[in-house]
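Letters A, B, ... mirror the listed sequences (proteins, then strands); counts begin at 1.
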Number of protein chains: 2
Amino acid sequence: MDLDEVIKALGHPVRREILQWLKEPEKHFADQAHPLEVGVCAGMFARCGLSQSTVSTHLAVLQRAGLVSTRRIGQWVFYKRNDDTIAAFLRQIGQEL
Amino acid sequence: MDLDEVIKALGHPVRREILQWLKEPEKHFADQAHPLEVGVCAGMFARCGLSQSTVSTHLAVLQRAGLVSTRRIGQWVFYKRNDDTIAAFLRQIGQEL
DNA sequence: TTGATATTTCGTTAAATTTAGATATATAGT
DNA sequence: ACTATATATCTAAATTTAACGAAATATCAA
């Protein structure tokens, strides 16, 4: 867990919003065609209002920081929260700070 | 407490280091000429290796985010951690995230 | 293989951040 | 009033980040 990378990833409101959505997928993505168990399809995050390529970049930042994990199924990529990293971050920032 | 401003303030390693130093002033600033009770003198943070103006800017970012409070005594400005804001941040980020 | 859909990567532009030097302000001491 | 010290602010350069459209890649379906 690279604290610096994680904290920078959390430094953008859209990325924090995405993580919050992923906390309760059934609440925010009930309309998803695929089963939510595999994760939330990348395209679903278009709701943040940014262009598709920008959303993809934000998701990549979250993934590089280890805050989400991905799984490709066919032409889709599904995203899940990585609760381990999030918990580790909260522990470390609570300690360091 | 503006979460966005706080998290951005924490997004720079030097600013986090300053907050950590301020956690134990007697440990890191035992050489200060002034009593540590009033806070840590701005000039003491030169040890981070950056120029005076840059240090001053970082301190201003921390202050605007409410992470530190200041007190001017004569020609000096003394900085203290603002534990209330820090605690509020940890609470909120732990809840939102 | 061709076409359609989903996603990432690339190229570019605009905006924000970091940094330092120079200048300005505040205060102290003589 | 003048000088020295401490700090903040201004200005400019370099770097990073955010955003988008276009192009590239991946997979599926016919």
TODO: Using the closest heavy atom to pick a nucleotide of DNA chain C for each, name whichever of A/Q63 or B/H12 lands nearer the 5' end.
DONE: A/Q63
TODO: Inspect the surroundings of CZ in A/R47 and state if more than 12 heavy atoms from other residues, nucleotides or ligands are less than 6.0 Å away.
DONE: yes
- [ ] Could you pull out the closest heavy-atom pair between B/M1 and B/F89, with the gap in Å?
- [x] CE-CA, 3.6 Å
Open item on the list: Let's see if you can work this out: which of D/dA18, D/dT7, D/dA6 has an atom nearest to the side-chain heavy atoms of B/Q75?
Closed with: D/dA6
Task: Separation of D/dT7 C1' from B/L50 CG (nearest whole Å) - done: 16 Å
- [ ] Specify the separation, in whole Å, of atom CH2 of A/W76 and atom C1' of D/dA29.
- [x] 11 Å
Task: Distance, rounded to the nearest Å, where A/Q52 contributes CD and D/dA24 contributes P - done: 16 Å
TODO: Nearest whole angstrom, please: distance from the P of D/dT16 to the CG of A/D4.
DONE: 13 Å
Identify each donor-acceptor pair in which a side-chain atom of residues 21-31 of chain B lies under 3.5 Å from a protein atom, sequence neighbours left out, and give them as a table.
{"from": "B/K23", "atom 1": "NZ", "to": "A/Q95", "atom 2": "O", "distance (Å)": "2.9"}
{"from": "B/K23", "atom 1": "NZ", "to": "A/L97", "atom 2": "O", "distance (Å)": "3.0"}
{"from": "B/H28", "atom 1": "ND1", "to": "B/E24", "atom 2": "O", "distance (Å)": "3.2"}

TODO: Would you kindly compare B/M44 and A/G74 by the position of their nearest DNA chain D nucleotide and give the one closer to the 5′ end?
DONE: B/M44
TODO: For the residue pair A/S53 and A/S56, confirm or rule out a side-chain donor-acceptor distance under 3.5 Å.
DONE: no
Task: Short side-chain donor-acceptor distance under 3.5 Å, B/T70 and B/Q63 - done: yes
Open item on the list: Considering every strand and a 4.0 Å limit on heavy-atom distances, what is the contact class for B/Y79: base, sugar-phosphate, or nothing?
Closed with: sugar-phosphate
Open item on the list: Rounding to an integer number of Å, can you tell me how far A/I73 CD1 sits from D/dC28 P?
Closed with: 10 Å
Open item on the list: When you compare the side chains of A/T54 and A/T57, does any donor N or O come within less than 3.5 Å of an acceptor on the partner?
Closed with: no
TODO: Could you tell me whether the phosphate oxygens of D/dA19, OP1 or OP2, come under 4.0 Å of any side-chain nitrogen or oxygen in A/T54?
DONE: no
- [ ] Between A/H58 and B/T70, name the one whose nearest nucleotide on DNA chain D is closer to the 5' end.
- [x] B/T70
TODO: Could you tell me from which nucleotide to which nucleotide of DNA chain C, 5' to 3', there is an atom under 4.0 Å from chain A heavy atoms?
DONE: C/dT5 to C/dT9
- [ ] Start with the C-alpha distance between B/V68 and B/N82, add both sets of side-chain angles, then the distance that settles side chain to side chain contact (heavy atoms under 4.5 Å, CB included), and finish with yes or no.
- [x] CA-CA 5 Å; B/V68 298; B/N82 193 339; 5.6 Å; no
- [ ] Give one of base, sugar-phosphate or nothing for B/L59, where a contact means two heavy atoms less than 4.0 Å apart.
- [x] nothing
Open item on the list: Check the phosphate of D/dA8 against B/R72, side-chain N and O only, distance under 4.0 Å to OP1 or OP2. Yes or no?
Closed with: no
